[in-house]
**Student:** 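Attaching a single structure in structure tokens format; questions to follow.
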Amino acid sequence: MVSIPAPEQAATHAVTNQPPPLSPYDASDDSVLLEGLRREGAGWAEEGIRRLGLRAGSAEAQEWADQANRHEPVLRTHDRYGNRVDEVDFHPSWHHLMRTAVAEGLAGTPWSEDRPGAHVARTAGGLVWGHTDAGHGCPTSMTYAAIPALRKEPELAKVYEPLLTGREYEPELRVPAEKRGLLAGMGMTEKQSGSDVRTNTTVATLTAESGVYTLRGHKWFTSAPMCDVFLVLAQAPGGLSCFLVPRVLPDGSRNTFRIQRLKDKLGNRSNASSEPEFDGTVAWLVGPEGQGVKTIIEMVNCTRLDCVMMSATLMRRTLVEAGHHARHRSAFGARLVDQPLMRNVLADLALESEAATALTLRLAGAADRAVRGDAGEQAFRRIATAVGKYWVTKRGPAFTAEALECLGGNGYVEDSGMPRHYREAPLLSIWEGSGNVNALDVLRALHRAPDTAQALFGELALAQGSDVRLDAAVARLKDLLATTSEAGARRLVEHMALTLQASLLVRHAPSAVADAFCATRLGGDWGHAFGTLPDAADVEAILGRALPGRN
């Protein structure tokens, strides 16, 4: 037998031309994010955002995200003795992610802080901490969104709001008032109609105690069943109404909340979504009977903002990964990042990412000022959040697919993390109203509240005269508003979104970024895929801004 020297045996296993791990990295190393944070009134939070960005990009936090998705939540309907418990068990990594998110104020905390910019700071925190895992953003988002609805019933808010706005994460199910921190979920949709919640068949029956009802029905999609309390829609004698449903009642007994199954979803695998059954379930009325939709509308504005935020986060996260790969990978004699066509692709993605982040922070600023009583910002928020929700979440899947492709076959394997981000992207368009629902909501806002159109055009007017393509787009938008039918709602909202994004970039981004965005998204000098920027685009400047130190 011929003896082969050890070095020759191992030669075929030498690893070359592969990038090093991205982690540790700084998820807050994003000039668009930090500029927007300051511009929208939360510059005071920058130190905390930078600290959280370093933690999000750490190897430890990235491992938490991977483990939380590989070890999915498990439904446990009964304990060992046969008692019905309806609990969901999570991997410890999920709890690490949640504990950090709550402690950093990414749940209900802004509602307890009487400080301008608090809601902007929370959104910026989500833009960096979201570099870890999107799934745990669901319960933090719903907890954040539940507060304004709960305030429709001051006595309930007095009990629950201090716990929902705190920074303590306690996952165990106990009497809510005995815990240091709570999380809130939602139960709106039912199998027969989904987004058309007015067709809900869950029935609420008034008890002898004022404001207390019992519910009977089956919800089709209730996210985060492990939460402490839920806002639920049900048909009361006076019509569709909103109710607060605790998992554990004040006397310590379990409320009837039978989890029939957990959803087997495309993405968002770390988070549990369920079908609960109510049968004599005790609930407290929130807001007047028959005004359930009106009660939760503010909640919808909050969760829609988070959909935009998470889509922008996925864009930024996958762009950073694609840029990192291109910087360290060589093909045909040169690094990928030095090859003109790859640079075009990365720069095109960078434009999309910057526009999404800028719009997200503008919407967060509007939300912050709206809750403080600014009527103009309230009107702008009403229409612009739905516009942003429609467009940014629509761009997410195409964006993440292109970023994944920048890694080639490496991006298609689970170890890269890119397939997880790609599977996550479509959810943000579906959650809190699909594309059609949001587009039609924009039409309703325009018809029922004329001040929303005035607020939108007031915003666009701030960039008037800065770019002829933008001015032409605004003029065309006015024409579309006068002629668009329901069938053309998507076309109208897309044009609104691009015009709004362009106005923000013209006002706040470097000229290279604004010019390339207006030339492509408004001027038509663009193809049908990312990577089709015109030769005149200043790719060097765009990449230097988007990937500092990486290009």
Side-chain angles (χ1 to χ4, degrees), residues 32-33 35-36 39-40 120 123 127 301 304-305 307-309 311-312 315 351-370 374 376-396 399 428-429 435 438-439 441-443 445-446 449-481 484 488-509 513-524 526:
V32 184
L33 167 71
E35 289 167 9
R39 186 169 61 243
E40 297 298 336
V120 178
T123 298
L127 284 165
N301 278 329
R304 282 182 176 176
L305 170 59
C307 287
V308 182
M309 177 264 288
S311 289
M315 289 182 186
L351 288 178
E352 195 75 26
S353 176
E354 173 151 357
T357 299
L359 179 56
T360 298
L361 290 166
R362 175 64 185 94
L363 295 176
D368 194 86
R369 291 182 281 276
D374 187 319
E377 290 291 81
Q378 288 171 357
F380 175 77
R381 179 196 187 198
R382 172 70 180 86
I383 192 168
T385 301
V387 168
K389 165 66 166 72
Y390 171 81
W391 183 242
V392 176
T393 63
K394 281 290 180 199
R395 299 299 288 156
F399 187 106
L428 288 313
S429 182
N438 277 266
D441 195 30
V442 171
L443 288 188
L446 291 169
D451 61 333
T452 59
Q454 295 169 9
L456 178 64
F457 282 108
E459 177 77 13
L460 297 176
L462 297 175
Q464 186 174 354
S466 300
D467 188 286
V468 295
R469 294 156 299 194
L470 176 56
D471 289 344
V474 173
R476 182 164 177 259
L477 178 57
K478 292 179 179 178
D479 292 337
L480 284 174
L481 282 176
T484 295
R490 282 187 175 218
R491 186 179 183 89
L492 170 67
V493 177
E494 175 179 324
H495 192 67
M496 277 185 177
L498 290 173
T499 306
L500 181 55
Q501 287 182 322
S503 73
L504 289 169
L505 297 184
V506 165
R507 289 160 55 200
H508 304 302
V513 172
D515 180 69
F517 189 90
C518 289
T520 53
R521 276 65 171 177
L522 299 182
W526 199 29

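What's counted below: heavy atoms across the whole structure, side chains too, no hydrogens, waters or symmetry copies.
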**Student:** So, for L361 and G36, which heavy atoms are closest and what is the spacing to 0.1 Å?
**Tutor:** CD1-CA, 3.7 Å
**Student:** Give, for atom CD of Q501 and atom OG1 of T360, the distance between the pair rounded to the nearest 0.5 Å.
**Tutor:** 8.5 Å
**Student:** Can you confirm whether E352 sits close enough to R521 that some side-chain heavy atom of one is under 4.5 Å from a side-chain heavy atom of the other?
**Tutor:** yes
**Student:** Grab the two heavy atoms, one from Y390 and one from E494, that are nearest each other, plus how far apart they are.
**Tutor:** CE2-N, 4.3 Å
**Student:** Closest approach of V442 and A386, non-hydrogen atoms and distance?
**Tutor:** CG2-CB, 3.7 Å
**Student:** Is there a donor-acceptor contact under 3.5 Å from the side chain of K389 to the main chain of A439?
**Tutor:** no
**Student:** Can you confirm whether R382 sits close enough to L456 that some side-chain heavy atom of one is under 4.5 Å from a side-chain heavy atom of the other?
**Tutor:** no
**Student:** Do F380 and D374 come within less than 4.5 Å of each other through their side chains, counting heavy atoms only?
**Tutor:** no
**Student:** Less than 4.5 Å apart, any side-chain heavy atom of M496 and any of L481?
**Tutor:** yes
**Student:** Looking at side-chain heavy atoms only, is the closest gap between E40 and R369 below 4.5 Å?
**Tutor:** yes
**Student:** Are the side chain of D471 and the backbone N or O of Q464 linked by a donor-acceptor pair below 3.5 Å?
**Tutor:** no
**Student:** Identify the heavy atoms of A355 and L505 that sit nearest to each other, and give their distance.
**Tutor:** CB-CD1, 4.1 Å
**Student:** Please name the pair of heavy atoms, one in A367 and one in L305, separated by the smallest distance, quoted to 0.1 Å.
**Tutor:** CB-CD2, 4.3 Å
**Student:** Tell me, do L477 and L460 make a side-chain contact under 4.5 Å, heavy atoms counted?
**Tutor:** yes
**Student:** How long is the span from the CH2 atom in W391 to the NE2 atom in H495, to the nearest 0.5 Å?
**Tutor:** 11.5 Å
**Student:** Report the distance from atom CZ of R469 to atom OG1 of T520, rounding to the nearest 0.5 Å.
**Tutor:** 8.5 Å
**Student:** For the side chain of S311 and the backbone of V308, is there at least one donor-acceptor N/O pair under 3.5 Å apart?
**Tutor:** no
**Student:** Determine the minimum heavy-atom distance between G396 and M315, stating which atoms define it.
**Tutor:** N-CE, 3.8 Å
**Student:** Side chain to side chain contact (heavy atoms under 4.5 Å, CB included), that's the test. Do L446 and L492 meet it? Break it down for me.
**Tutor:** CA-CA 12 Å; L446 291 169; L492 170 67; 4.2 Å; yes
**Student:** Would you check if N438 and T393 make a side-chain contact, meaning some heavy-atom pair closer than 4.5 Å?
**Tutor:** no
**Student:** Start with the C-alpha distance between L500 and E459, add both sets of side-chain angles, then the distance that settles side chain to side chain contact (heavy atoms under 4.5 Å, CB included), and finish with yes or no.
**Tutor:** CA-CA 8 Å; L500 181 55; E459 177 77 13; 3.8 Å; yes
**Student:** Could you state the interatomic distance from CZ (R381) to CG (N301), rounded to the nearest 0.5 Å?
**Tutor:** 4.5 Å
**Student:** So how far is it from T385 OG1 to L363 CG, rounded to the nearest 0.5 Å?
**Tutor:** 4.5 Å
**Student:** Spell out, as yes or no, whether a donor-acceptor pair under 3.5 Å connects the side chain of T123 to the backbone of A364.
**Tutor:** no
**Student:** Under 4.5 Å between any side-chain heavy atoms of L498 and F517, yes or no?
**Tutor:** yes
**Student:** Find the distance between CD (E35) and CD (E354) and round it off to the nearest 0.5 Å.
**Tutor:** 7.5 Å
